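Before any comments, here is the structure.
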Amino acid sequence: MAILHISGFPRIGRKREFKHALDAYWSGKIPEAELIAVANAIQEDSWRIQKMHGLDWLTAGDFSYYDLMLDLTVMLGVIPERFRGLELTDIDSYFTMARGAKNTPPLSLTKWFDTNYHYLAPEIHASTGFSVNSTAFTEKIRASALHGLPVKATLIGPLTWLYLARVEKEDFDKLSILPALVEAFNNILDESKKAGATLVELYEPVLSLDLPESWIRNLKPAFEVFSKTVPVLLTTTFGSVVHIAPTLIELDIAGLHLDLVRDPGQLDRFLETYPTNRFLSLGVVDGRNVFKANLSLILDQIQPAYHKLGERLWLAPSCSLLHCPIDVLNEAHLDDSLKSWLSFSIQKLDELAILKRGLEKGKSAISQELQLSDHVAQARHETAHAKNNIVRKRVESLTVQDETRDNSFPVRKIKQQQKLGLPLLPTTTIGSFPQTDSIRRARSNFRTGRIDSAEYHEFISHEIRIAIQRQQDIGLDVLVHGEPERSDMVEFFAEALDGFLLTENGWVQSYGSRCVKPPVLYGDISRPRPITVGWAHFAQSIANRPVKGMLTGPVTLLGWSFVHENLSRDAILMQLALAVRDEVKDLEAAGIAIIQIDEPAFREGLPLRQELRKIWLDHAIRAFAIASSGVSDATQIHTHMCYSEFGEIFDAIKALDADVISIEASRSQMTLLEDIPAYPNDIGPGVYDIHSPRVPDLTEITALIERALQKIPVERLWINPDCGLKTRNWTEVESALRNMVKAARCIRSQLQNK
Ligand code: GLN
Ligand code: ZN
């Protein structure tokens with residue numbers, strides 16, 4: 001018998017109930033008890049689903065009110081000084097760590113490995129100690145145990161927690177606190193066991209990175225301690241761990257999980273010498289994609305393992321299903337044949353159950369399912385709309401000229417300045433303005449046919465008019481149209497491009513209550529007609545300052561979509577780049593002098609292992625070059641990225657050669673500027689943290705600008721928020737931007753009076 005389990009189930013609820021409950025709680029519309037009730041209902045639902053779809057173990061501890069890294073940090077008692085003594089309820093202190101409060105900046109929010117999920121980074125220092133409080137965690141274990149299946153408690157592992165922790169302002173060896181951390185973990189493991197967990201899963205994606213040898217050496221002693229307390233499953237994911245196979249094989253653990261989607265090849269290496277007293281969990285169904293698994297292929301792949309391991313073979317999705325939407329059955333309006341290609345979290349559980357039956361009873365017992373799966377694979381391959389020979393030819397015939405601007409940045413800068421006449425320290429925003437209820441309603445009414453296109457058009461032009469007026473009143477130097485017509489920066493373009501399909505309810509969590517609905521990229525990409533030119537032109541026509549055109553870049557369009565595994569990602573990337581290039585040229589022709597190509601996914605697309613990075617970066621740079629190089633020197637190309645870990649991709653970012661780059665910097669207090677001492681073009685490190693409702697005051701923004709000026713010559717510094725403002729409201733945005741413009745102007749006039 002093969003055993004089925006998962007590392008985690010999506011926690012937003014089938015209809016994003018938890019997102020709505022969180023937003024309602026934060027805005028004071030529902031009490032804490034109601035939020036808790038929604039959370040509990042979602043967890044119960046997830047356990048019922050796991051049981052109903054044939055899993056052998058229930059997983060507890062995968063739910064979170066905001067983020068599992070934060071939960072673990074709180075459970076370990078690693079609460080930074082500024083969050084202590086806030087005189088708030090437990091849950092509100094917790095949310096303050098996530099979202100900040102007046103004068104209390106939150107923990108820093110950063111991307112989780114190569115996903116588009118964001119975690120909150122713990123803050124540690126040499127004397128960090130631990131004081132475990134696992135009550136909330138063990139309550140979940142107790143609740144899940146009532147369902148009558150064995151319970152596995154799941155936790156982010158100690159190495160991952162420690163590796164991702166931030167060390168502020170001092171230099172110390174993180175490993176020096178590992179022994180204390182192991183002890184704290186052991187305490188949690190012990191409590192989990194007492195609460196009814198007969199297995200504890202430690203989720204350690206960090207093992208797929210190039211971890212220093214000293215970290216790997218620490219695995220053995222740590223797991224020796226844990227295994228004396230409770231049986232432990234060590235989960236590796238998001239990549240291969242074949243490079244540390246000997247260490248993993250020797251560990252004192254009950255079982256090991258491998259991500260066979262990312263690296264099917266690693267199975268053989270582990271099978272060769274796998275100890276007979278351990279189970280091996282194989283992540284065979286893609287936890288980060290939405291396409292049906294190719295069951296015949298997987299079955300062939302795992303059959304030898306089943307012969308060797310028997311009931312010591314476990315099957316699972318490749319990673320936690322956090323990164324996958326919940327249920328294809330929620331897609332009422334998808335074309336049936338396209339829908340038949342898809343598999344969301346619940347369907348993935350069914351796929352596991354089919355594989356299990358196939359292993360135990362033979363292929364004939366699942367012949368119908370295999371036939372269907374083969375048929376789907378074939379159909380997608382043959383479908384006419386997945387192939388476009390014209391685009392393929394265009395990619396093949398690209399030349400070096402298509403990938404380079406006419407002149408270098410200093411020459412371009414002069415021409416752009418002549419055209420634009422911007423002041424020193426130009427102020428701008430990143431693109432979107434608050435997506436108010438009325439904007440959302442109008443989009444949805446248009447979508448469902450409740451208003452016609454004339455009415456919708458009227459509404460959007462009104463919104464753009466207001467946004468332009470407000471920006472002019474605030475005194476910003478470079479304006480944006482505000483993106484009211486876009487629900488999401490990727491979805492909006494995906495809707496307009498051929499090769500994508502959109503789902504209705506395919507939501508996944510990005511951070512906190514923020515969810516995204518990645519489009520499904522199933523075939524060759526082409527742009528049937530201009531996408532943004534109309535609104536950009538309109539905005540410019542009513543503005544008295546330059547308006548930036550706003551596009552999503554090829555790397556982000558690829559990175560934030562679910563891409564069919566049979567497509568060549570490199571070829572698709574260049575096809576996306578061509579679509580963006582055509583749009584850039586059309587914007588220029590329509591009189592738009594500044595065009596921003598957002599690449600917030602640039603960093604997360606970076607492969608986790610060093611050896612794969614160069615080739616990926618070369619492709620990403622080339623794609624950006626194709627997208628951005630079709631314009632004249634006088635057209636100013638901006639790009640935007642939302643994170644602050646630049647160190648290792650700095651050369652690549654330079655190579656993009658955008659005239660201006662805006663980046664997230666305020667949460668880290670401009671520390672990223674240490675990494676980019678010699679950025680050659682213009683740069684706008686964010687001075688306003690838009691992930692939190694806090695309004696930064698004048699002093700704070702001034703301090704950040706002054707800090708930036710220590711590293712960046714004034715002629716090359718731009719003043720802008722960290723990112724787009726769509727998740728904020730106008731009251732916050734107006735005050736914050738006024739402070740920002742005022743700060744820029746003060747410094748400008750001080751400099752001029754010198
Ligand atoms: N232009 C986009 C916006 O402002 C950029 C968003 C992003 O970088 N994530 O919303
Ligand atoms: Zn951003």
Side-chain angles (χ1 to χ4, degrees), residues 108-111 115-118 427-436 439-440 443 463-464 467 471 476 478-494 510-512 514-518 531-532 535-536 539 547-561 580 583-584 587 592 594-605 624 627 637-646 653 656 658 660-668 672 683-692 718 720-730 732-733 736-737 740:
S108 106
L109 187 73
T110 316
K111 301 224 156 133
T115 75
N116 183 23
Y117 176 78
H118 303 63
T427 53
T428 190
T429 62
I430 306 304
S432 58
F433 276 119
Q435 297 254 325
T436 57
I439 293 183
R440 273 184 238 279
R443 271 201 315 259
E463 286 298 324
I464 293 177
Q471 294 172 82
L476 288 152
V478 170
L479 315 186
V480 295
H481 79 289
E483 306 179 23
E485 80 287 19
R486 308 184 187 178
S487 49
D488 171 273
M489 64 185 294
V490 172
E491 185 179 46
F492 174 75
F493 289 92
S510 173
Y511 64 89
R514 181 144 169 70
C515 301
V516 293
K517 190 150 63 72
I531 305 168
T532 65
W535 289 128
V547 174
K548 268 194 282 194
M550 199 54 63
L551 304 176
T552 303
V555 176
T556 300
L557 289 171
L558 184 78
W560 287 355
S561 298
V580 177
E583 190 69 17
V584 167
L587 281 171
I592 303 299
I594 307 183
I595 299 161
Q596 179 171 310
I597 304 173
D598 290 324
E599 284 292 19
F602 197 82
R603 170 75 176 70
E604 82 192 34
F624 190 88
I637 298 287
H638 288 219
T639 189
H640 163 72
M641 299 182 179
C642 350
Y643 38 80
S644 44
E645 277 133 30
F646 269 115
I653 289 183
L656 295 184
V660 184
I661 182 170
S662 59
I663 47 177
E664 178 175 321
S666 76
R667 267 200 190 192
S668 61
L672 86 153
I683 179 167
V687 294
Y688 162 21
D689 171 15
I690 58 83
H691 291 108
S692 123
W718 284 63
N720 46 257
D722 272 343
C723 190
L725 300 163
K726 65 195 264 188
T727 55
R728 304 270 60 92
N729 66 45
W730 270 110
E732 296 156 10
V733 164
L737 291 182
M740 188 183 93

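When a residue number appears, it is its place in the shown sequence, counting from 1. Order of appearance sets the numbers: ligands from 1, and atoms from 1 within every ligand. It should be emphasised that the depicted structure is a prediction, and the values quoted were computed from it without experimental measurement.
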| query | Between H640 and ligand 1, which part of the residue brings a heavy atom under 4.0 Å of the ligand: side chain, backbone, both or neither? | reply |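 Side chain only; the backbone of H640 stays clear of ligand 1.
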Looking only at the side chains, is there a donor atom on one of [X] and [Y] sitting less than 3.5 Å from an acceptor on the other?
X    : Y    : result
S666 : D722 : yes
W560 : E604 : yes
Q435 : K726 : no

Any nitrogen or oxygen of [X], main chain or side chain, under 3.5 Å from a nitrogen or oxygen of ligand 1?
X    : value
E483 : yes
M550 : no
D598 : yes

If you count the atoms of ligand 1 from 1 in the order shown, which ones are under 4.0 Å from a heavy atom of [X]?
X    : result
G724 : 3 (C), 4 (O), 10 (O)
C723 : 6 (C), 7 (C), 8 (O), 9 (N)
C642 : 7 (C), 8 (O), 9 (N)

Notebook entry, point to check: Hey, would you say the H481 and F433 ring centroids sit under 6.0 Å apart?
Noted result: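 Centroid distance H481-F433: not below 6.0 Å, so no.
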Practice prompt. Decide yes or no on side chain to side chain contact (heavy atoms under 4.5 Å, CB included) for M550 and T532, but give the supporting numbers first.
Written response: CA-CA 8 Å; M550 199 54 63; T532 65; over 6 Å; no
Of K517, R486, R443, the one forming a salt bridge (Lys or Arg N to Asp or Glu O under 4.0 Å) with E491 is K517
Please state which protein non-hydrogen atom is closest to atom 6 (C) of ligand 1 and give its distance, to 0.1 Å?
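Ranked first by proximity to atom 6 (C) of ligand 1 is M489 SD, 3.4 Å.
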closest protein heavy atom to atom 4 (O) of ligand 1 is S432 N, 2.8 Å
Interatomic distance, CG@L551 vs CD@E599, rounded to 0.5 Å, equals 10.5 Å
ang(SG C723, the Zn ion (ligand 2), NE2 H640) rounded to 10° is 120°
